[in-house]
Amino acid sequence: MTNKEKNLTRRRQHSFILFASVILILSNLAGCGPSAAEFAQIDYTPLPVDDLKVSTPEDQVLDPELVAELYLNAADLDTLYGLLVIKNGQLIAEGYFNGGSVEQHHFMASATKSVTSALVGIALDQDCLSSLDQKMIDFFPEFANQINDPNKELITIRDLLKMRSGFVWEERTPYMESFFTSGGYWLPFIVDFPLTSDPGTEFGYSNLSSHILSAIVSRACETDLNSFAEEYLFSPINAEVGDWSLDSDSYNYGSHGISLTARDMAKFGLLYLNDGEYDGDQIISAEWINDSLQRYSENIDISGWIPGITSRYGYYRDLGYGYQWWSAKAGKHQFYYASGHGGNQIILLDDLNMVIVTSADRLYGNFGADAWEKEKSIIDVVGRFIKSLP
């Protein structure tokens with residue numbers, strides 16, 4: 001990005017935030033929402049960077065006032081960095097906040113899990129893996145004689161992908177602290193973490209399961225996950241990984257730790273929205289995309305994990321889970337999404353041929369009520385927008 005473009009980004013950020021703040025103050029004083037004329041002055045025009053096709057809401061048959069309201073509300077969020085809307089393959093709206101920029105790589109937190117899932121599918125396409133029914137333990141012979149629970153020998157790759165391995169749901173237990181005190185040695189938790197259900201029977205959100213998938217692909221394909229991703233996933237869609245954290249055994253974390261720009265997050269979303277095809281090339285099999293976005297778990301209860309996350313405006317209802325992808329409904333629209341702590345999201349609205357991206361502060365290590373409230377505020381703004389769409 002040139003210095004001229006960087007300066008343009010900064011000027012637009014400052015002027016947008018100042019204008020939005022004035023509009024919000026005036027609206028509160030007047031006791032009513034912004035007028036159509038005020039909406040028309042909100043600038044969400046895509047920046048002049050040529051890696052995505054650009055258009056306008058009007059040309060893609062989308063009410064520009066709905067988009068303007070989305071960006072007006074977004075300007076009030078203090079941990080949001082980027083917000084993109086893509087319709088019919090065209091970038092129709094783009095904005096950066098709180099120091100975010102078009103070239104900034106954002107740590108996607110648990111949205112990394114959806115990337116890990118894609119790489120499992122590519123490993124199948126590349127014949128590194130033969131089947132999702134391969135047993136987890138077959139890839140970790142060093143732990144085979146240490147396992148005391150015979151049910152762990154039944155866990156398959158498919159169970160790990162579905163979050164139905166039976167491993168403990170860490171966020172709901174003291175086991176989450178074990179990750180932070182392990183010195184980055186996560187794989188031994190295959191032995192140490194208990195199963196709370198039989199493999200394949202119940203949903204339980206397990207960061208360990210996602211990280212095991214990373215190690216499986218790395219071992220099966222005889223490479224590190226970052227290199228594998230660059231060759232078979234990101235280079236073909238003209239995207240680039242900024243960084244991807246490693247555990248102490250030098251495996252890229254499958255549960256978190258990848259960083260991408262907001263635009264590269266959007267390209268990944270477009271790949272899934274278009275059945276694994278990008279610019280005419282089949283990057284991931286359409287069958288894998290379809291299987292990944294099924295709802296293998298329904299009516300997931302996240303109370304006690306993210307307190308009140310669905311209560312503020314009533315958005316993101318009817319939660320389901322596929323192969324490391326969430327699904328939900330807002331209004332009449334069902335959608336699929338990659339989700340990371342802090343509000344990092346890649347949202348696929350298949351019925352509207354739309355992708356929405358939010359990049360945000362990952363709030364690393366902060367799982368208190370204040371952190372969840374900041375994440376919820378981003379979810380609510382996006383959910384309100386989705387619900388408003390015809």
Side-chain angles (χ1 to χ4, degrees), residues 62-63 66-67 69-74 76-77 79-80 83-87 108-111 113-114 117 161-164 169 171-172 202-207 210 265 269 272-273 289-360 363 367 369-390:
L62 184 64
D63 185 348
L66 295 180
V67 181
E69 184 176 10
L70 169 67
Y71 279 82
L72 181 63
N73 292 330
D76 199 37
L77 303 172
T79 57
L80 180 69
L83 173 61
L84 278 62
V85 181
I86 298 91
K87 177 90 164 103
M108 294 167 52
S110 284
K113 293 176 170 70
S114 300
S117 173
L161 283 164
K162 292 179 178 180
M163 293 292 189
R164 299 175 79 89
W169 191 333
E171 273 94 344
R172 287 182 165 179
E202 295 182 16
F203 176 87
Y205 191 79
S206 164
N207 291 284
S210 302
M265 291 168 69
Y272 268 73
L273 192 68
I289 302 297
N290 179 70
D291 291 348
S292 298
L293 301 180
Q294 297 299 311
R295 289 167 61 92
Y296 300 109
S297 297
E298 301 272 1
N299 302 314
I300 295 172
D301 177 14
I302 59 174
S303 60
W305 171 33
I306 307 178
I309 195 168
T310 61
S311 64
R312 188 174 176 188
Y313 288 123
Y315 303 131
Y316 283 46
R317 295 290 186 173
D318 188 21
L319 299 186
Y321 206 78
Y323 288 166
Q324 309 281 293
W325 282 86
W326 290 93
S327 60
K329 291 180 180 177
K332 66 180 181 180
H333 300 291
Q334 180 173 314
F335 54 95
Y336 311 96
Y337 63 108
S339 178
H341 190 46
N344 291 280
Q345 301 176 95
I346 305 171
I347 299 165
L348 315 177
L349 282 154
D350 189 62
D351 63 331
L352 296 174
N353 198 17
M354 182 182 292
V355 174
I356 302 170
V357 167
T358 57
S359 60
L363 302 172
F367 298 102
D370 60 329
W372 293 123
E373 186 61 33
K374 290 181 184 299
E375 179 172 328
K376 283 165 50 185
S377 66
I378 294 173
I379 289 172
D380 288 339
V381 164
V382 175
R384 180 178 180 180
F385 172 66
I386 294 172
K387 188 175 181 180
S388 74
L389 296 172

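The figures here come from the full heavy-atom set of this structure, side chains too, leaving out hydrogens, waters and symmetry mates. Treat the numbers as computed from the prediction; the structure is a model and nothing was measured.
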Going by side chain to side chain contact (heavy atoms under 4.5 Å, CB included), M108 matches just one of H341, K113, M265. Which one?
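Going through the options one by one, the only one that passes is M265.
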
Show the nearest heavy-atom pair for residues [X] and [Y], with the distance to one decimal.
X	Y	value
A328	Y337	CB-CE2, 3.8 Å
I378	G342	CD1-O, 3.3 Å
V382	Y316	CG1-OH, 3.8 Å
L348	F335	O-CB, 3.2 Å
L161	Y321	O-CE2, 3.9 Å

Ring centroid separation Y272 to Y336 under 6.0 Å
no

Sequence neighbours excluded, which residues qualify as side chain to side chain donor-acceptor pair (under 3.5 Å) partners of [X]?
X	value
D318	R295
N299	none
S114	none
D291	none

F385 meets the ring-ring contact (aromatic ring centres under 6.0 Å, His included) criterion, sequence neighbours left out, with none

Excluding sequence neighbours, so at least two apart, what forms side-chain contact (heavy atoms from CB on, under 4.5 Å) with [X]?
X	value
E202	S197
K162	R158, R164, Y296, Y323
D63	E65, L66

Between S359 and L84, does a side chain to side chain contact (heavy atoms under 4.5 Å, CB included) hold up when you go through it step by step?
CA-CA 9 Å; S359 60; L84 278 62; over 6 Å; no

Side-chain H-bond candidate by donor/acceptor type, S210 with Q324, under 3.5 Å:
yes

List the steps, then state whether side chain to side chain contact (heavy atoms under 4.5 Å, CB included) holds for I347 with I386.
CA-CA 10 Å; I347 299 165; I386 294 172; 4.2 Å; yes

H333 side chain to L349 main-chain N or O, any donor-acceptor pair under 3.5 Å?
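No, because the side chain of H333 does not come within donor-acceptor range (under 3.5 Å) of the backbone of L349.
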
Give the intermediate values and the outcome of side chain to side chain contact (heavy atoms under 4.5 Å, CB included) for residues I379 and Q345.
CA-CA 9 Å; I379 289 172; Q345 301 176 95; 4.0 Å; yes

M354 and V85, any side-chain heavy atoms less than 4.5 Å apart
yes

Could you walk me through whether I356 and L83 pass the side chain to side chain contact (heavy atoms under 4.5 Å, CB included) check?
CA-CA 7 Å; I356 302 170; L83 173 61; 4.2 Å; yes

